Amino acid sequence: MKTINRIEYRTSRLPINFRMLGYMLLALAIWRGIVMDWMGMVYLAISLFLIFFKTGVIIDAKALKIKQYVGLFLIKKGKWERIEHVSSIQLTKTKETQTMSVLSISRLETTDTYKLYIMMPDRNIELMQGDKVELVTKGNTLADLLKTAFKDSTL
């Protein structure tokens with residue numbers, strides 16, 4: 001039976017409005033390419049960045065390393081860190097407050113945010129944030145992979 005030694009999660013992309021802008025710029029770049037205008041190349045480069053930019057995390061359980069990366073297409077730039085002394089994988093719940101102001105109207109929005117951490121004696125590494133059910137599943141998978149405990153501190 002094959003064992004999994006490396007796992008990768010994409011943690012975020014640009015917001016949908018930036019990706020939609022990327023698709024519009026891609027259409028503009030194709031049109032500018034058809035009319036043989038060099039500005040189409042600039043629009044193409046910007047659109048590809050907006051569409052394909054992502055961040056994520058790669059965990060190598062065999063080598064006990066983690067890489068938090070910034071990526072574009074298949075290129076993933078980041079630095080590998082050693083995680084030899086993992087004590088647990090922990091899910092936490094925090095409240096995040098965001099202020100939104102338009103003209104003279106102001107609104108304060110508070111939301112619950114769930115975050116998954118790798119806990120070590122000297123530091124904690126935030127892996128990802130998102131939906132609680134999804135993070136519990138990923139946390140249990142990572143705990144099994146790294147042979148450590150999963151702690152849900154949101155209960």
Side-chain angles (χ1 to χ4, degrees), residues 1-27 43-155:
M1 186 172 151
K2 184 180 176 185
T3 60
I4 298 173
N5 291 325
R6 182 180 261 193
I7 194 162
E8 178 178 345
Y9 293 115
R10 184 175 70 200
T11 55
S12 70
R13 294 177 67 183
L14 289 176
I16 189 72
N17 54 341
F18 287 103
R19 284 184 278 153
M20 287 298 119
L21 176 62
Y23 288 118
M24 287 188 283
L25 284 174
L26 180 63
Y43 294 142
L44 180 66
I46 295 170
S47 71
L48 293 178
F49 175 79
L50 292 173
I51 295 170
F52 294 108
F53 178 81
K54 64 186 174 211
T55 61
V57 62
I58 302 171
I59 299 170
D60 189 346
K62 189 173 185 178
L64 291 173
K65 294 190 295 186
I66 185 172
K67 178 180 185 179
Q68 292 180 322
Y69 67 84
V70 175
L72 189 65
F73 294 116
L74 298 175
I75 301 167
K76 296 174 181 154
K77 298 293 273 182
K79 185 177 171 185
W80 286 100
E81 295 181 62
R82 305 285 300 163
I83 53 169
E84 294 170 339
H85 305 290
V86 175
S87 60
S88 67
I89 305 293
Q90 186 170 2
L91 178 66
T92 61
K93 176 181 170 183
T94 59
K95 294 217 180 266
E96 290 188 356
T97 305
Q98 182 178 11
T99 305
M100 292 175 269
S101 299
V102 176
L103 297 173
S104 64
I105 302 169
S106 179
R107 185 175 102 193
L108 189 66
E109 183 177 306
T110 303
T111 57
D112 292 333
T113 304
Y114 296 94
K115 295 182 180 184
L116 194 62
Y117 289 92
I118 289 182
M119 308 300 280
M120 295 188 290
D122 57 339
R123 63 192 165 117
N124 303 329
I125 300 174
E126 180 183 330
L127 294 177
M128 60 192 82
Q129 63 182 15
D131 181 51
K132 181 181 179 179
V133 175
E134 178 186 347
L135 290 180
V136 167
T137 305
K138 290 178 180 179
N140 283 321
T141 304
L142 288 174
D144 291 342
L145 184 68
L146 296 173
K147 296 174 182 57
T148 188
F150 174 69
K151 295 180 182 175
D152 186 355
S153 65
T154 63
L155 303 174

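Just so it is clear, the structure is predicted and the values come from calculations on it, not from any experiment. Heads up: numbering here begins at 1 and tracks the sequence. Just so you know, these numbers use all the heavy atoms, side chains as well, and skip hydrogens, waters and symmetry mates.
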Undergrad: Identify the two heavy atoms, one from V86 and one from I83, that lie closest to each other, and give their separation to 0.1 Å.
TA: CG2-O, 3.2 Å
Undergrad: Less than 4.5 Å apart, side chain to side chain, heavy atoms only: is that true for Q98 and E96?
TA: no
Undergrad: Going by atom type alone, with no hydrogens or angles, which donor-acceptor pairs under 3.5 Å involve a side-chain atom of residues 64-72 and a protein atom two or more places apart or on another chain?
TA:
| residue | atom | partner | partner atom | Å |
| --- | --- | --- | --- | --- |
| K67 | NZ | K76 | O | 3.2 |
| Q68 | NE2 | E126 | O | 2.7 |
| Y69 | OH | E8 | OE2 | 2.8 |

Undergrad: For the backbone of L14 and the side chain of R19, can you confirm whether one donor and one acceptor N or O come within less than 3.5 Å of each other?
TA: yes
Undergrad: Run the side chain to side chain contact (heavy atoms under 4.5 Å, CB included) test against L44 and tell me which residues pass, sequence neighbours left out.
TA: L26, A29, S47, L48
Undergrad: Heavy atoms, side chains only, cut-off 4.5 Å: are Y9 and T141 in contact?
TA: yes
Undergrad: List the atom pairs, with distances to 0.1 Å, where a side-chain N or O of residues 146-155 and a protein N or O form a donor-acceptor pair under 3.5 Å, not counting sequence neighbours.
TA:
| residue | atom | partner | partner atom | Å |
| --- | --- | --- | --- | --- |
| T148 | OG1 | S87 | O | 2.9 |
| D152 | OD1 | T154 | N | 3.1 |
| D152 | OD1 | T154 | OG1 | 2.5 |
| S153 | OG | Q90 | NE2 | 3.4 |
| S153 | OG | L91 | O | 2.7 |
| T154 | OG1 | K132 | NZ | 3.1 |

Undergrad: Mark yes or no for whether T11, through its side chain, and T55, through its backbone, hold a donor-acceptor pair below 3.5 Å.
TA: yes
Undergrad: Count the heavy atoms belonging to other residues, nucleotides or ligands that lie under 6.0 Å from CD1 of I105, then report whether that count exceeds 12.
TA: no
Undergrad: Taking atom CZ as the centre, does F18 end up with more than 12 heavy-atom neighbours from other residues, nucleotides or ligands that are less than 6.0 angstrom away?
TA: no
Undergrad: Quick one, M100 and V102 - any side-chain contact, counting heavy atoms below 4.5 Å?
TA: no
Undergrad: Looking at R13 and I51, would you say the former's side chain and the latter's main chain have a donor-acceptor pair under 3.5 Å?
TA: yes
Undergrad: Show your working on side chain to side chain contact (heavy atoms under 4.5 Å, CB included) between L116 and L142 and close with a plain yes or no.
TA: CA-CA 10 Å; L116 194 62; L142 288 174; 4.1 Å; yes
Undergrad: Measure the spacing between CG of L135 and CD1 of I89 and express it to the nearest 0.5 Å.
TA: 12.0 Å
Undergrad: Measure across D60 and R6 and return the closest heavy-atom pair with its distance rounded to 0.1 Å.
TA: OD2-NH2, 3.8 Å
Undergrad: Could you tell me the separation between the CD1 atom of I59 and the CG atom of L145, rounded to the nearest 0.5 Å?
TA: 7.0 Å
Undergrad: How about T111 and K95: do any of their side-chain heavy atoms sit closer than 4.5 Å?
TA: no
Undergrad: Do N124 and I118 come within less than 4.5 Å of each other through their side chains, counting heavy atoms only?
TA: no
Undergrad: Measure the spacing between CD1 of I16 and CG of L21 and express it to the nearest 0.5 Å.
TA: 11.5 Å
Undergrad: Using only atom types and a distance under 3.5 Å, with no angle test, would you say the side chain of K115 pairs donor to acceptor with the backbone of G130?
TA: no
Undergrad: Rounded at 0.5 Å granularity, tell me how far OH in Y117 sits from CG in L127.
TA: 9.5 Å
Undergrad: Counting C-beta onward and ignoring hydrogens, is there a side-chain heavy-atom pair between R123 and E81 closer than 4.5 Å?
TA: yes
Undergrad: If you count the non-hydrogen atoms of other residues, nucleotides and ligands that lie under 6.0 Å from CD1 in I75, is the total more than 12?
TA: no
